[in-house]
Amino acid sequence: MIDPSNTGPDAARATPLLEVRGLSVVFDTPDGCHRVVDNVDLQVSAGRTLGLVGESGSGKSVTCLAVLRLLAVRGRVTSGEVLFQGRDLLKVSEEEMEALRGCQIGMVFQDPMVSLNPVRTIGWQIAESLHLHQNLSKSGAAKRTLELLDLVGIPEPKTRFGEYPHQFSGGMSQRAMIAMAIACQPKLLIADEPTTALDVTIQAQILELLSDLKKELDMALILITHDLGVIAEAADDVAVMYAGRVVEEAPVLDLFDSPLHHYTMGLLNSLPRIDRSVDRLSAIEGAAPPPQDFVEGCRFEPRCGHCDDACSGVRPDFSQISDTRRVACMHPVAAT
C-alpha cells in the first residue's frame, strides 16, 4: 500500500503507471455469451516488470488486449476501469486511443512472423510509427530506425533495414518487433510470450534485451507468459491467472519461496529441479476449463486436493497477506 504521507520521489515511483480495476470481458459466440476475464485487478509502476502467468486460456492475453482496446469483434468489456497515468482508457475516444497505442503504450505481439507485414521491409514497418506519432521526415525516420535496429542488437542495420520478414530468423524477427514497439519510447511495454518458439540461448538474449530497455527508458513492462522460468528471470512482481481470474499476487521472490495458492504451488511443483532427483514430475490433475464451463465459485476447485464444503459454490475473496501479497483461496497453502 502507498503511504499518503510519503510525497518524495519514491512515492511518485510507487504510484502505478497502469492500474486495472475490476476488468471483465465477455465474448459473444453462437452458443451464448461467455465471460473470459472476470473482475481482474492489476497494477504496474514505471521501471518495474509485472509477470502475468498462467496456463493457456487463463485470460492473460485477452486482459492486455482489452487494456489496448484491441479485442476481437466478438469481444467487449462489460465492466471495470483501465487507468493509464490517471486516464481511463475505456472512456477516451478512438482517436485518442490510436495516438496512445504505439506511442505511450507499445505492444510486442505473440508471433512476430504473423504480426509483421510480409510485403513491407522491416525498416519501413519501424519507420511508419515514427512518421505517424513523431512526424519525422523520411530521412529522420530512417536514421532513427537504424539506431533502433542497432539498439535491439540486430547486426548490419543498414542491410537489415531493406530486408523483408522472411529474411529474418525467429530471434531477429522478435528483435524487430521490439524495435517497432519501443520506437517512440513508450512509458509502458506489453510483451505477449516474447520468447515462445525460441531456443534457450535466444530466449535469454531477448529477456536481457527487455530488461536493459526497461532500465534505459524507465518503462513499465507487462510480461505475459506461461513459462515460470521466464518469470523468475525477468519479473519483479507476479500475478497468477486461472480461468479468467487473478488468484495470487506477490513479488517474484516471495512467490517462488512460499506460494499461497494451490494452483501456484502446482505450477511450481511441475518444474524440474536441480537440487533433487525425481522419477516423475508432479502434475496438476485435470485441465483448465473452457470459458463456457466457468463456474461462479472457486474455479480451481475441481482440480484442487485441498477443497472442502466451504469451497463449493463460493467465490473466494482476496485475503491481503501483506502490503505486497494477496491470494484468493479459502484454504491458502500457508494455512495448511
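This chain uses plain numbering: 1 for the first residue, then up along the sequence. The shown structure was predicted, so the numbers you read here are calculated from the model rather than taken from an experiment.
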Residues, nucleotides or ligands: over 12 heavy atoms within 6.0 Å of [X] [atom1]:
{"X": "E94", "atom1": "CD", "value": "yes"}
{"X": "D309", "atom1": "CG", "value": "no"}
{"X": "K214", "atom1": "NZ", "value": "yes"}
{"X": "L271", "atom1": "CG", "value": "yes"}

Pair [X] + [Y]: basic N to acidic O under 4.0 Å:
{"X": "E55", "Y": "K60", "value": "no"}
{"X": "E163", "Y": "R120", "value": "no"}
{"X": "E147", "Y": "R144", "value": "yes"}
{"X": "R48", "Y": "D218", "value": "no"}
{"X": "R326", "Y": "E249", "value": "yes"}

Look only at the side chain of [X] and the backbone of [Y], and say whether a donor-acceptor pair between them is shorter than 3.5 Å.
{"X": "S211", "Y": "L207", "value": "no"}
{"X": "S24", "Y": "N39", "value": "yes"}
{"X": "T225", "Y": "D227", "value": "yes"}
{"X": "R299", "Y": "A243", "value": "yes"}
{"X": "S270", "Y": "L267", "value": "yes"}
{"X": "H261", "Y": "A328", "value": "yes"}

Starting at [atom1] of [X], measure out to [atom2] of [Y] and round the result to the nearest 0.5 Å.
{"X": "E98", "Y": "C103", "atom1": "CD", "atom2": "SG", "result": "13.0 Å"}
{"X": "I105", "Y": "Q85", "atom1": "CD1", "atom2": "CD", "result": "8.5 Å"}
{"X": "L151", "Y": "E216", "atom1": "CG", "atom2": "CD", "result": "5.5 Å"}
{"X": "Q292", "Y": "C33", "atom1": "CD", "atom2": "SG", "result": "12.5 Å"}
{"X": "Q110", "Y": "Q174", "atom1": "CD", "atom2": "CD", "result": "10.0 Å"}
{"X": "Q185", "Y": "Q134", "atom1": "CD", "atom2": "CD", "result": "7.5 Å"}

Do [X] and [Y] have side chains that approach each other closer than 4.5 Å (heavy atoms only, starting at C-beta)?
{"X": "D236", "Y": "P251", "result": "no"}
{"X": "Q167", "Y": "I122", "result": "no"}
{"X": "V108", "Y": "I190", "result": "no"}
{"X": "F84", "Y": "L17", "result": "yes"}
{"X": "C298", "Y": "R315", "result": "no"}
{"X": "V246", "Y": "V240", "result": "no"}
{"X": "V327", "Y": "V247", "result": "no"}
{"X": "Q43", "Y": "R21", "result": "no"}

Consider only side-chain N and O atoms of [X] and [Y], and report whether a donor and an acceptor are under 3.5 Å apart.
{"X": "D31", "Y": "T29", "answer": "yes"}
{"X": "Q125", "Y": "Y164", "answer": "no"}
{"X": "D192", "Y": "S61", "answer": "yes"}
{"X": "E96", "Y": "S93", "answer": "yes"}

I need the minimum non-hydrogen distance between [X] and [Y], along with the two atoms involved.
{"X": "F27", "Y": "V62", "answer": "CE1-CG1, 4.0 Å"}
{"X": "S115", "Y": "F109", "answer": "OG-CB, 3.3 Å"}
{"X": "M180", "Y": "L116", "answer": "CE-CD2, 3.5 Å"}
{"X": "V25", "Y": "A66", "answer": "CG2-CB, 3.8 Å"}
{"X": "A235", "Y": "V252", "answer": "O-CG1, 3.2 Å"}
{"X": "A191", "Y": "L221", "answer": "CB-CD1, 4.3 Å"}

Can you get from [X] to [Y] by hopping between Ile, Leu, Val, Met, Phe, Trp and Tyr side chains that sit under 4.5 Å apart?
{"X": "L148", "Y": "W124", "result": "no"}
{"X": "L189", "Y": "L50", "result": "yes"}
{"X": "L71", "Y": "F294", "result": "no"}
{"X": "L132", "Y": "L136", "result": "no"}
{"X": "I284", "Y": "L255", "result": "yes"}

Run the ring-ring contact (aromatic ring centres under 6.0 Å, His included) test on H331 and H306 for me, step by step, so that the C-alpha distance in whole Å, both residues' side-chain angles and the decisive distance to 0.1 Å come before the verdict. CA-CA 7 Å; H331 307 293; H306 302 271; 9.0 Å; no

Per the side-chain contact (heavy atoms from CB on, under 4.5 Å) rule, which among L68, L188, L89 passes with L100?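 That would be L89.
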
Considering the options V77, V82, I222, L42, which one meets the side-chain contact (heavy atoms from CB on, under 4.5 Å) requirement together with V67?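 Going through the options one by one, the only one that passes is V82.
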
Passing candidate, salt bridge (Lys or Arg N to Asp or Glu O under 4.0 Å) with R245, options D317, D38, D41: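 Testing R245 for a salt bridge (Lys or Arg N to Asp or Glu O under 4.0 Å) against D317, D38, D41 leaves exactly one candidate, D38.
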
As a quick check of understanding, evaluate side chain to side chain contact (heavy atoms under 4.5 Å, CB included) for L18 and L83, giving each step before the final call. CA-CA 6 Å; L18 176 76; L83 303 177; over 6 Å; no

Please assess I154 against D150 for the test side chain to side chain contact (heavy atoms under 4.5 Å, CB included), listing each intermediate value before the final yes or no. CA-CA 6 Å; I154 292 179; D150 183 62; over 6 Å; no

Once you measure the plane-to-plane angle for Y242 and F300, does it fall in the parallel (<30°), tilted (30-60°) or perpendicular (>60°) bin?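 Correct class here is perpendicular.
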
List the residues meeting side-chain hydrogen bond (donor to acceptor under 3.5 Å, both in side chains) with R325, not counting sequence neighbours, and say none if there are none.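 Checked R325 against side-chain hydrogen bond (donor to acceptor under 3.5 Å, both in side chains); matches are E248, S258.
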
If you apply the rule side chain to side chain contact (heavy atoms under 4.5 Å, CB included), what do you find for T195 with I202, and how did you get there? CA-CA 8 Å; T195 60; I202 302 301; over 6 Å; no

Given side chain to side chain contact (heavy atoms under 4.5 Å, CB included), test R69 with V92 step by step and report yes or no. CA-CA 10 Å; R69 286 171 47 177; V92 303; 3.6 Å; yes

Please evaluate residues E156 and K158 with respect to the criterion salt bridge (charged side-chain N to carboxylate O under 4.0 Å, His left out), reporting the C-alpha separation (whole Å), side-chain torsions for both, the decisive distance (0.1 Å), and the verdict. CA-CA 6 Å; E156 302 180 17; K158 291 184 179 180; over 6 Å; no

